[in-house]
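Every chain is numbered from 1 and lettered A, B, ... according to where its sequence line falls, protein lines coming before strand lines.
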Amino acid sequence: MTTPDSARSDFIRDIITGDVKTGKYGGKVYTRFPPEPNGYLHIGHAKSICLNFGIAKDFKGLCNLRFDDTNPTKEEVEYVESIKKDVRWLGFDWEDRLFYASDYFEQMCRYAVQIIKMGKAYVCDLSADEIREYRGTLTEPGKDSPYRNRSVEENLDLFERMRAGEFPDGSRTLRAKIDMKSGNINMRDPVIYRIMHMPHHRTGDKWCIYPMYDFAHCISDSIEGITHSICTLEFEDHRPLYDWFLDELEVDCHPKQIEFARLNLSHTVLSKRKLIKLVEDGNVTGWDDPRMPTIAGLRRRGYTPEAVRNFCERIGVSKRDNLVDISLLEYCIREDLNKRAPRVMVVLHSLRVVIVNYPEEKTEELEAINNPEDATMGTRKIPFSRVLYIEQEDFQEAPPKQFFRLVPGREVRLRYAYFIKCVDVIKDTNTGRIIELHCTYDPETRGGNAPDGRKVKATLHWVSASHAVDAEVRLYDYLFLKADPTDIEEGKDFKSHINPNSLEILKSCRVEPGLKGATQGDCYQFERLGYFCVDKDSSDNKLVFNRTVTLRDTWAKIEKKGKG
RNA sequence: UGGGGAGUCGUCCAGUGGCAGGACGGCAGGCUCUGGACCUGCUUACAGGGGUUCGAAUCCUCUCUCCCCAGCCA
């Protein structure tokens, strides 16, 4: 309990280690992940989840899941369910510690009364606009509300009647009496309760006043016995207020708030507002669109919890503004899938190949390795016959020098099968388009090796035409063309950088027969192409795959360089 | 121009008085029945100026740049 379990270290763990050493909080460590149920979780939340649950684990403490549900106008049950699902999927367990800020409304109300009695809070009749005017600006101090000096009795009475529902929305607020001249605007008599005649997803019609974040959050933390309240940088100047409430209330548990920089990921956006906009405007099909950086989107895309957790570990934690390159995320999923994904052969853009010296009716079963990284995954049989499909881009009639795949007259290997040589290119007489290739095979090279030791430069993936199963494959690309889509020109919005080609649907791909019956979530490496998983739209009649990520593609780089 | 934060390779994170390091990316090789994986090497950074010190990314000081805050959102 004195040092973290793992070697992992960051400035937050350092602070906590210090607190544990000095015996602060009795040497205990207790954290919480406090989402507001007003949207789906995204990879930025994953960073926070890994941090909070990870710290609890490292220090042998606990971490609660708590919904910060203090604003009934934006929050929905759908979101709490999705959040629970996503946290669980990421691999974290809150056990019996599922809480809601709304569980504490009664206690918060008692605390509010206590602060009023101390003369440190008052009911204010100013309108929202007036409060804004009185607040001053960043450079000018605010001025006191005319209601600031109401008597404790009057405040108590008014607050009681606010709670009883006697006043309309927006007519009054309860405010902390702190300092209208503070350089920190959060301390200029912040609102702590507002009137909202609005049913709450958990408390129903019980309340018509709801506490504000600053009041609710510190109290919730305190009630739960949180020791370290970890949040993002924008709450840094809320910390004096967090501490003010807990000091005034003289609570037993006064957690330490520590702020870290939120994650920014290149080529995507991570703000709930913007993500909601993408969903609502139909730029994506929903919160779980595989292009979305949401946990639900990543899951559907084929990301594994291990890869996401690993990513969160690798990006580290600090207080600097950051823009993490999405290539790191891709590296993490490739690293994971390379070890676990069975290999399989699939042709995306098919080109017909006839092996002219192979018997018409013959079919043979060839043995293929399921995963060269893991011998325990065994082998499988794949059918070979006279007519095959290969990838269109694996053949060129007039190739550049570095192209070493199939060309007229050249011999290449069909993976796990035979060496073949292209002897004829059949074209459509009208369009000139290549329709099929005629090749010969060398029977001596069965399995993929030549007894005479001769080598070929390329190995192609293929599928036997008569045995192939049709499938739809969805190829995804970055949602935004620019690394930082929020970096925009005057007068434009983040949508101006959206990638119009972030989704490409391939309707008639040919997959090896063994893939028939693959079920939702199954992931594979399509050899030489990338990692793919079975989408939820897939059915027995129609296979649908999502491309999770391509393989590292050296050839694509060479090609690009040639063009660029 | 008030308050609060932050500046280290292209990117992210370490280093807190003693040779600036790791990861990703990039580049170049090796190996290979996936132009994959794996292996090797290389590239590149302490925002700037003063000062303290035998010695400074680290301490002091001045400056510059960037981010956050004026919701009855969180």
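In terms of position on RNA chain B, the residue among E236(A) and K557(A) whose nearest nucleotide sits closer to the 5' end is E236(A). In terms of position along RNA chain B, the nucleotide closest to L323(A) lies nearer the 5' end than the nucleotide closest to the other residue of the pair R343(A) and L323(A).
F532(A) and Y524(A) have their aromatic ring centers separated by at least 6.0 angstrom. Ring centroids of F245(A) and F215(A) are separated by less than 6.0 Å, placing the two rings close together. Centroid-to-centroid, the aromatic rings of Y418(A) and F384(A) come within less than 6.0 Å.
Ring orientation note: the planes of H238(A) and F235(A) are nearly perpendicular, at an angle over 60° on the 30°/60° scale.
Closest approach to the T139(A) side chain among rG2(B), rG36(B), rG5(B) is made by rG2(B) (side chain taken as heavy atoms from C-beta onward). In this structure, the nucleotide among rU34(B), rA28(B), rG36(B) sitting nearest to the side chain of K561(A) is rA28(B).
Q257(A) and S229(A) form no side-chain donor-acceptor contact under 3.5 Å, judged by distance and modelled atom types alone.
Side-chain to base pairing of R552(A) with rU34(B): no donor and acceptor N or O lie closer than 3.5 Å to each other.
Residue contacts shown for E259(A) are absent, as no nucleic acid heavy atom lies under 4.0 Å away.
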- Treat a base pair as Watson-Crick or G-U wobble with both distances under 3.5 Å, then lay out RNA chain B in dot-bracket form, 5' to 3', with | for cross-strand pairs. .((((((..((((....[..)))).(((((.......)))))....(((((..]....))))))))))).....
- Message: Protein within reach of the bases, or only the backbone? For nucleotides 68-74 of chain B, mark each nucleotide 5' to 3' as B, S or -, using heavy atoms under 4.0 Å.
- Response: SBBSBBB
